[in-house]
Student: 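I have a structure I would like to understand better, so I am pasting it below and will then ask my questions one at a time.
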Protein chains: 2
Amino acid sequence: MPPRALRTPLTLAVLSLLRERPRHPYEIQALVRERHIDQVVKMRGGSLYDAIDRLADAGLITTVSSERAGARPERTVYAITAEGTAVADALVRDYLRTPAQDFPVFATGLAHILTLDAATAADLLRERREAIRATHDRTARQLAADTAGLPRVVTLEVEYAQALRVAELAWLDRVVRDIDAGALPWLDVADAPPSGAP
Amino acid sequence: MPPRALRTPLTLAVLSLLRERPRHPYEIQALVRERHIDQVVKMRGGSLYDAIDRLADAGLITTVSSERAGARPERTVYAITAEGTAVADALVRDYLRTPAQDFPVFATGLAHILTLDAATAADLLRERREAIRATHDRTARQLAADTAGLPRVVTLEVEYAQALRVAELAWLDRVVRDIDAGALPWLDVADAPPSGAP
DNA sequence: ACTCGGTTACTCGAACTCGACTATCCACGG
DNA sequence: CCGTGGATAGTCGAGTTCGAGTAACCGAGT
């Protein structure tokens, strides 16, 4: 099992794109944007080049050629190796099978909600709800348009994110209503440390 | 607005604990574990000390004293400053109001599901469902026990995570059923790049 | 002709993260 | 009384991430 740094969402994206055919880093970057993979995988600036270097050092990908068009910087083309394919496969299985410890920042916000008063909290949650509702509606339209062209299996991750959005909307609705109705008793900050379970 | 590195879930946790009263780093670390804040906020080894150093450099917290008990390492006690309190407040509001771009690794897995065949994928998703179901049941019992003691408002983030779990379970049920029934047409890998939207 | 913005294609250093390590004290069994 | 394991408290350096910078090319205007 290769080290942690070779088993990240970004390295998986790289391996997958190289699985289709050899490419150079910039092409990968462009594809990640074009196919909206960056909505699912965090990719910022130079970290892609770093990831590719690591993969090459570990032998999961190899240099195929080094073209140069004019006096522009060199383009190194990489291809996936057998080990790379194996790792990619194992990674996909892992990601699907094992629920990971994600740390959504909203949960952090909720853990500290008692530093605010009830009315303010309700207002903020309402704002959040509207923002999510907007994203939801946009995604719904997009998914509807897709069903006319794309097979469902290629947009599963969008469908999943949408399902979570629906659930969060419903949850926010309930909580906001409860706060407004006084059905969610508030506490004085001094009494209650902003914590989780006991 | 302070830089990104001072506006992370971990720094917020530190600021919140110091809001209660001055503490030294190890005490903060212990509290984070004790109150299960580490279920919501990523905290590994020395990163806490790094975060505290940064907060101190930026003046959001200050050294109050440096006790030494016996020949043990020194314990530096920190307290929150007015700026620190302001930043913590703004952060909580931000986290509650603005839906963030989280990157759940499961979505990455889904984006690459076509590198597997349908039967394998269904098996993996079933495994995932059972794991989540287990967590769900454990959490449900814990929440039920809490209602006898803790006010609901202090376990909101647990309730939220649970709501998302329920939604994911339902979604997984549907997808697994559809795959089993052949109602989710699969594609040949060659035809379909593992991508998101068009 | 000239420059202006956009695209191509990386490079680099500063900042950040993380796990492994250090070192002391204390309680307790043998 | 001696060692052993856990709690106390933090250090360190190697490895990673990130944003800003560099630098050439290209087409469309003016």
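On a predicted model such as this, the values are computed, not experimentally measured, just so you know. All chains are named by letter (A, B, ...) in the order of the sequence lines, taking the proteins before the strands, and each is independently numbered beginning at 1.
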Student: Taking only the side-chain nitrogens and oxygens of A:R44, find out if one of them lies under 4.0 Å from OP1 or OP2 of C:dC16.
Tutor: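 No, outside the criterion.
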Student: So if I take every side-chain heavy atom of A:S47 and compare against D:dT17, C:dC16, C:dT17, which nucleotide ends up nearest?
Tutor: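 So the side chain of A:S47 is nearest to D:dT17.
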Student: Take atom CG of B:D53 and atom C1' of D:dA9, then tell me their distance rounded to the nearest Å.
Tutor: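 It is 14 Å, rounded to the nearest whole Å.
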Student: Can you tell me the distance, in whole Å, between the CG atom of B:L48 and the P atom of D:dG10?
Tutor: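 After rounding, the reported distance stands at 10 Å.
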Student: Separation of A:I52 atom CD1 from C:dT11 atom C1', in whole Å?
Tutor: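 In whole Å, C:dT11 C1' and A:I52 CD1 are 14 Å from each other.
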Student: Using whole Å, report how far CG of B:L55 lies from C1' of C:dC16.
Tutor: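 Atom-to-atom, B:L55 to C:dC16, this comes out as 13 Å.
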Student: Specify the separation, in whole Å, of atom CZ of A:R54 and atom C1' of D:dT16.
Tutor: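 Interatomic distance, CZ of A:R54 to C1' of D:dT16: 6 Å.
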Student: Counting only side-chain N and O atoms of B:R4, is one of them less than 4.0 Å from OP1 or OP2 of C:dA14?
Tutor: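 False: B:R4 side-chain N/O out of range (4.0 Å or more) of C:dA14 OP1/OP2.
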Student: Taking for each residue the nucleotide of DNA chain D with the nearest heavy atom, is it A:M43 or B:G45 whose nucleotide lies nearer the 5' end?
Tutor: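 Looking at the nearest nucleotide for each, B:G45 comes out on the 5' side.
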Student: Might you point out which heavy atoms bring B:I179 and B:W186 nearest each other, and give the distance in Å?
Tutor: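 Looking at all heavy atoms of both residues, the shortest contact is CD1-CZ3, 4.0 Å.
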Student: Between A:T155 (side chain only) and A:V158 (backbone N and O only), is there a donor and an acceptor less than 3.5 Å apart?
Tutor: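 Absent.
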Student: Is it true that B:R126 and B:D123 have a side-chain N and a carboxylate O under 4.0 angstrom from each other?
Tutor: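 Here B:R126 pairs with B:D123 in a salt bridge, since their nearest N and O are under 4.0 Å apart.
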Student: Phosphate oxygens OP1/OP2 of C:dC10: is one of them under 4.0 Å from a side-chain N or O of A:H24?
Tutor: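 It does, given that an N or O in the side chain of A:H24 lies less than 4.0 Å from OP1 or OP2 of C:dC10.
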Student: Do A:Y78 and A:Y26 belong to the same hydrophobic cluster, where Ile, Leu, Val, Met, Phe, Trp and Tyr are linked whenever their side-chain heavy atoms lie under 4.5 Å apart, directly or via other members?
Tutor: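 Unlinked, A:Y78 and A:Y26 end up in two clusters.
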Student: Which whole-number value in Å describes the distance from B:R7 CZ to C:dA15 C1'?
Tutor: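 The distance from CZ of B:R7 to C1' of C:dA15 comes to 18 Å, rounded to the nearest Å.
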Student: Whole-Å distance between C:dT11 C1' and A:Q29 CD?
Tutor: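 Going from A:Q29 (CD) to C:dT11 (C1'), I get 13 Å.
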Student: Measure CG/A:D50 against P/C:dT17 and give the value in whole Å, please.
Tutor: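 Taking atom P of C:dT17 as the reference, CG of A:D50 is at 16 Å.
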Student: Check the phosphate of D:dG10 against B:Y49, side-chain N and O only, distance under 4.0 Å to OP1 or OP2. Yes or no?
Tutor: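 The answer is yes; a side-chain N or O of B:Y49 sits under 4.0 Å from OP1 or OP2.
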Student: Please tell me if A:Y26 has a side-chain N or O lying less than 4.0 Å from either OP1 or OP2 of C:dT8.
Tutor: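 Yes, such a contact exists.
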Student: Applying a 4.0 Å non-hydrogen cut-off, can you work out what A:T8 is touching in the nucleic acid: base, sugar-phosphate, or nothing?
Tutor: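 If one applies the 4.0 Å heavy-atom cut-off, A:T8 turns out to touch nothing in the nucleic acid.
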Student: Given the side-chain rings of A:F106 and B:Y95, with only the six-membered ring counted for Trp, is the space between their centroids under 6.0 Å?
Tutor: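 Judged by ring-centre distance (under 6.0 Å), A:F106 and B:Y95 do not meet the cut-off.
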Student: I want to verify a distance call: between D:dG10, D:dC18, C:dC10, whose nearest atom is closest to the B:R75 side chain?
Tutor: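 The answer is D:dG10, which lies nearest to the side chain.
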Student: Examine D:dT17: is either OP1 or OP2 under 4.0 Å from a nitrogen or oxygen in the side chain of A:K42? Give yes or no.
Tutor: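 Answer no for this pair, as no side-chain N or O of A:K42 is under 4.0 Å from OP1 or OP2.
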